[in-house]
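Report on one structure; see the data block that follows.
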Amino acid sequence: MTQTAPNYALGSSDQEIARLDGQAASIEAATRLLLRAAGVGPGMRVLDLGTGLGHVAGLVAELVGPGGQVVGLDTSVKLLEVARTRAADHPQVTYVQGDVRNWRDAEPFDAVVGRLILFHLPDAVEVLRHQLTALRPGGLMLVLDFDLGSSRAEPAVPLVTQTLEWVDAAFRSAGANPVMGTGLAMLLEGAGLADVQTFGIQGYLAPDDPRGPALLGGVVGALATQIIAAGIATPEQLGIGTLTQRIAAATQATGAVVLPPALAGAWGRRAS
Ligand SMILES: C[S@@+](CC[C@H](N)C(=O)[O-])C[C@H]1O[C@@H](n2cnc3c(N)ncnc32)[C@H](O)[C@@H]1O
């Protein structure tokens with residue numbers, strides 16, 4: 001069994017762990033809303049695909065309550081180790097190492113959820129078809145992913161536009177889809193889910209809110225090796241050591257609001 005998927009561009013370094021924590025905090029409210037809208041609730045048995053540090057598994061644990069069960073699945077031994085050390089508040093969560101493309105449990109699930117996992121899986125529909133069989137009939141599948149195309153500064157800030165172009169190109173060069181959020185409903189329908197619904201949620205960060213520059217600078221830092229190796233930009237062009245500060249200075253000087261990528265959610269039911 002592989003420990004990381006072949007196209008997974010972001011890794012599991014300590015810096016990446018800190019970045020995942022910051023990113024998870026920025027989309028926690030949107031994720032909770034989408035989990036509720038889809039119908040995740042008390043007593044359910046839920047599988048979390050690509051659980052990473054267990055952020056989604058923890059939110060699901062709150063919704064399913066003490067009578068529910070959550071299994072967090074990931075290939076990364078390192079991320080799962082960290083998730084387990086944080087699991088004290090949620091005894092109903094179990095973390096398991098395995099690949100979303102072929103892992104199976106003996107017991108069916110009431111719901112399968114997955115946030116920021118499909119965008120870097122070239123075989124996303126096959127993964128969903130496989131995971132559909134993990135659901136009981138009538139069970140719920142909910143997937144969440146970013147739409148990077150919705151991200152911008154308003155009014156436009158050239159450094160933000162440039163940064164978003166680097167991120168978009170880096171993900172595509174690694175075989176990942178940065179606008180996966182736009183296509184989630186079609187993927188679910190293609191995989192055979194019924195009654196599919198979808199919407200997205202987007203934040204608006206004030207010009208002096210440090211979270212906007214930190215998110216943008218952080219993701220470029222995580223992708224820097226890929227950006228340079230793919231010839232998208234040179235280390236000098238990235239200027240990674242000062243990128244976050246330069247974005248902050250530019251958004252403040254322009255009075256620009258930063259719109260991080262919308263988090264889209266789509267869900268449907270296993271028909272039979
Ligand atoms: C961007 S992180 C998202 C983590 C978490 N779902 C969240 O939203 O905070 C993607 C996660 O998927 C995991 N992953 C990638 N490919 C996988 C695969 N084929 N099977 C299981 N996990 C995988 C990575 O190890 C990583 O933890």
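Residues: numbered from 1 along the sequence shown. Numbering of ligands and ligand atoms starts at 1, following listing order.
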Geometry only, no angles: is [X] polar-contacting ligand 1 at N/O separations under 3.5 Å?
X    : result
V100 : yes
L73  : no
D99  : yes

Using a 4.0 Å cutoff against the non-hydrogen atoms of H120, which atoms of ligand 1 qualify?
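Near H120, the atoms of ligand 1 are 15 (C), 16 (N).
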S76 neighbourhood, listing ligand 1 atoms whose heavy-atom distance to it stays under 4.0 Å
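Counting atoms of ligand 1 from 1, those under 4.0 Å from S76 are 25 (O).
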Mutual orientation of the aromatic rings belonging to F119 and F171 [parallel < 30°, tilted 30-60°, perpendicular > 60°]:
perpendicular
Taking the non-hydrogen atoms of Q23, is any one of them nearer than 4.0 angstrom to ligand 1?
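Flag not set, Q23 not near ligand 1.
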Is G98 near ligand 1, meaning one of its heavy atoms is under 4.0 Å from it?
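Yes.
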Tell me, with the steps shown, if E81 and R84 meet salt bridge (charged side-chain N to carboxylate O under 4.0 Å, His left out).
CA-CA 5 Å; E81 267 170 17; R84 286 190 189 107; over 6 Å; no
Does only the side chain of D74 get under 4.0 Å from ligand 1, or the backbone, or both, or neither? Count heavy atoms.
both
Which part of T51 is near ligand 1, with near meaning a heavy atom under 4.0 Å away: side chain, backbone, both or neither?
backbone
Could you list the donor-acceptor pairs under 3.5 angstrom formed between side-chain atoms of residues 45-56 and any protein atom two or more places apart in sequence or on another chain?
from, atom 1, to, atom 2, distance (Å)
R45, NE, Q69, OE1, 2.8
R45, NH1, D105, OD2, 3.4
R45, NH1, E107, O, 3.1
R45, NH1, P108, O, 3.2
R45, NH2, D105, OD2, 2.6
D48, OD2, T51, OG1, 2.7
D48, OD2, A57, N, 3.3
H55, NE2, D21, OD1, 2.8

Hey, are R211 and S26 close enough side-chain-wise for a donor-acceptor pair under 3.5 Å?
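Side chains of S26 and R211: no pair found under 3.5 Å.
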Carefully, step by step, assess L243 and L238 under the rule side-chain contact (heavy atoms from CB on, under 4.5 Å).
CA-CA 7 Å; L243 182 60; L238 292 182; 5.8 Å; no
In chain order, what residues pass the salt bridge (Lys or Arg N to Asp or Glu O under 4.0 Å) check against E126, with sequence neighbours excluded?
R129
Shortest non-hydrogen contact from P122 toward H120
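So the minimum-distance heavy-atom pair works out to CD-O, 3.4 Å.
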